[in-house]
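Take a look at the structure below.
Just follow the structure's listing: the first ligand is 1, and inside any ligand the first atom is 1. Only this structure's heavy atoms are used, side chains among them; waters, hydrogens and symmetry mates stay out.
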Amino acid sequence: MNIKSLISDRVHQALIVLGAPFDGNVQVCQSTKSKFGDYQVNSVMSVAKKISISPRQLAEQVLRFLSLDDIARKVEIAGPGFINIFLKRTWLASRIDLALNSKKLGITVVQPQTIIIDYSAPNVAKEMHVGHLRSTIIGDASARTLEFLGHNVIRANHVGDWGTQFGMLIAYLEKIQNENADNIGLSDLERYYRQAKKQYDENEKFASRARSYVVKLQGGDLYCKKVWNKLVSITMRQNQLIYNLLNVTLTEGDVMGESIYNVMLPKIIDDLKTKGIAMESEGAIVVYLDEFKNKAGKPMGVIIQKKDGGYLYATTDIACAKYRYEILGANRMLYYTDSRQHQHLLQVWAIVRKAGYVPDTLPLEHHWFGMILGKDGKPFKTRTGETVKLSNLLDEAIQRAYKLITKKKSNIPIEEMTQVARIIGIGALKYADLSKNRTTDYVFDWDKILAFEGNTALYMQYAYTRIVSIFKRAGIDAVNLTLPLVINEEYEIALALRLLQFEEAITTVACEGTPHVMCKYLYDLAGLFSKFYENCQIINANSEIIRQSRLKLALLTSRTIKTGLYTLGIETIEVM
Ligand code: ARG
């Protein structure tokens, strides 16, 4: 249940009864201080402005028609016209019981949408590097979150598997007579690619062969297709190992590379020309967009076909958006790429909307992100100045976690150490990234990433095991908690309220693709649990009903942490 939406709807109804003009959403927020209640409504003020009456007066009228008796113990007007809402404890308690009895912690069932999430998107014949981390894990958190809410999520791994470089690679493999070898790894491909590029630049005969292979590949030549397939599968097999290690839900079935749109491109060019959207300019086909200006202040031209007939990254993305709408039936499309691709996407979307390939009402959203920086404030590199390979980064995370847990006196059985090191190391790495607002750059620092204190994965995983152990130590089974929940103490109330705000957090992540909101929520929740735990006796409570009530609060806390971490793609462990 979403308390914010519930209050917002009720205020909206009151405004309708009053006949006040209001079309947007009623703004409701969690109060920042307890003297302002639990929630605060502030949009009455903007409505009052429109109809020129004093906000306080309007707030008073709203209050006459606002029905919140079932959930609130007190509703009052404050300041110039805020409405403060104090929730009933009995209502909070009953909602906690409902959440405990629900599979999805009591969240509202949504109208399912088909949502395409474009993320990860590495390039073929290149190893994934640190630059792919954010798209992969933020995109995956978004996919998990939307799926958890009941949406039909289509994961689209827009792999860079098409382009002139494949002509070079095929020609090079042929030259070294290695096209049939089956022990080639991704790092070999990367080396071949460098060598092929060199040949291409230095040797005209090789270059023309490479170019002819591009044409052949595009024309569906069997030999070229076979070698190309091999390049793709070598790459994606290796990337899949990274996804598995990262606990990312992408599978080989989610690969929807650039190549699949190739067949659509000639028709799209024709269609855009016919519609008068694209035109020829100096031999190339260009779309001029009034909404983007070039340096001279003229409409910016986006090339969609080169002079030599070749297509571009933008052309593929036009086809791709069309495909996602027409064939996949998207209701919403999200793109996780870094901020440098923002202009590119806006241009593509302007074209697909102009052409009527995607309706104006269908949300196309770029959930862009900033960069990972080294301690020197420059893009994160290895000590020798090279790009950090993702596989090396993950290995280091696991090794560091292993050291950490073997050094600490922990209860983890020896045979589970490796597995636990993976969960902790990878969890820490992911959480450190996901807990930052994605729009900002951040500095990569192992010491902060693998810390037990602060808003870190270790802190959250530890908080989880601590609650689990309360139940274990006391030998309590959740099914035996049958008494109705009561809450009285300040610490219980604060914890209960926060538990019931899970849906508000997850809904924000679903709308905005901002997993840091979930991290922040979980961190607050764990903090409130600590306070509750320090101040309220659980096992030794004064009465059975209080004991059970507190156990229930603890139980819902552990489930909420586990579920919240699950939506982030972070695993929990039962003992630490
Ligand atoms: N492969 C691209 C890159 O590495 C990212 C693709 C993003 N998705 C898209 N539809 N353009 O930069």
Side-chain angles (χ1 to χ4, degrees), residues 115-140 142-143 153-166 169 186 189-190 193 228 231-232 235-236 238-240 242-243 246 248 250 252 254-262 264-265 268 287 302-304 311-328 330 332-353 357-358 362-372 379-380 387-391 438 513:
I115 304 175
I116 318 288
I117 310 189
D118 181 317
Y119 70 106
S120 193
N123 297 315
V124 165
K126 287 189 194 142
E127 288 188 68
M128 286 176 82
H129 55 79
V130 64
H132 295 109
L133 181 69
R134 303 203 82 183
S135 173
T136 306
I137 66 176
I138 304 173
D140 199 54
S142 177
V153 169
I154 299 181
R155 294 164 172 79
N157 197 351
H158 194 80
V159 171
D161 63 354
W162 207 242
T164 48
Q165 70 272 34
F166 292 99
L169 268 164
L186 190 47
L189 290 188
E190 219 171 286
Y193 180 70
W228 172 82
L231 299 172
V232 177
T235 309
M236 292 320 290
Q238 201 131 329
N239 288 343
Q240 190 58 46
I242 293 197
Y243 294 149
L246 267 176
V248 155
L250 283 168
E252 296 202 28
D254 300 318
V255 173
M256 287 189 229
E258 293 177 20
S259 61
I260 63 171
Y261 306 104
N262 189 51
M264 296 171 66
L265 305 184
I268 285 185
V287 177
V302 180
I303 304 178
I304 54 172
Y311 304 107
L312 294 103
Y313 186 50
T315 330
T316 301
D317 263 326
I318 294 170
C320 167
K322 185 175 191 284
Y323 177 84
R324 288 174 180 175
Y325 175 66
E326 285 174 8
I327 310 294
L328 301 181
R332 186 180 172 203
M333 302 183 206
L334 313 179
Y335 291 72
Y336 287 87
T337 71
D338 72 33
S339 50
R340 289 170 298 185
Q341 298 203 23
H342 194 55
Q343 163 126 322
H344 157 77
L345 287 172
L346 291 183
Q347 289 174 344
V348 165
W349 297 342
I351 297 171
V352 295
R353 296 224 199 259
Y357 297 157
V358 175
L362 190 134
L364 293 162
E365 302 167 33
H366 183 202
H367 290 181
W368 50 277
F369 45 82
M371 293 220 275
I372 306 182
F380 186 45
T387 11
V388 179
K389 287 189 179 153
L390 200 46
S391 58
R438 65 172 162 75

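Here is the list of ligand 1 atoms found below 4.0 Å of a heavy atom in Y335: 10 (N). Every atom of ligand 1 with a heavy atom of N123 under 4.0 Å away is listed here by number and element: 1 (N), 4 (O). The contact set between ligand 1 and D317, taken as ligand atoms under 4.0 Å from a residue heavy atom, comprises 9 (C), 10 (N), 11 (N).
The protein non-hydrogen atom at the shortest distance from atom 9 (C) of ligand 1 is H158 CD2, 3.3 Å. D118 OD1, 3.1 Å is the protein heavy atom nearest to atom 8 (N) of ligand 1. Atom 6 (C) of ligand 1 has its closest protein heavy atom at Y313 OH, 3.2 Å. If you check which protein heavy atom lies closest to atom 1 (N) of ligand 1, you get A121 O, 3.0 Å. T337 CG2, 3.4 Å is the protein heavy atom nearest to atom 7 (C) of ligand 1.
In terms of N/O distances under 3.5 Å, ligand 1 is approached by Q341. The shortest N/O to N/O separation between H132 and ligand 1 does not fall below 3.5 Å.
Under a cut-off of 6.0 angstrom, the local environment of OH in Y325 is sparse, with at most 12 non-hydrogen atoms contributed by other residues, nucleotides or ligands.
Contact of the D140 side chain with the Y119 side chain is registered, since non-hydrogen atoms from C-beta on lie closer than 4.5 Å. Here the side chains of E365 and R332 are in contact, with some heavy-atom distance below 4.5 Å. Using a 4.5 Å heavy-atom threshold, the side chains of V302 and Q347 count as touching.
Considering every non-hydrogen atom in both L250 and Q240, the closest pair reads O-NE2, 3.0 Å.
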- Item | side-chain contact (heavy atoms from CB on, under 4.5 Å) evaluation trace for K322 with I268 | CA-CA 10 Å; K322 185 175 191 284; I268 285 185; 4.0 Å; yes
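Between H342 and H366, the angle of the ring planes stays under 30°, which puts this pair in the parallel group of the 30/60° scheme.
Residue contacts with ligand 1 for V159 are absent, since no atom lies close enough (heavy atoms, distance under 4.0 Å).
Between W162 and Y313, the gap from one ring centroid to the other reaches at least 6.0 Å.
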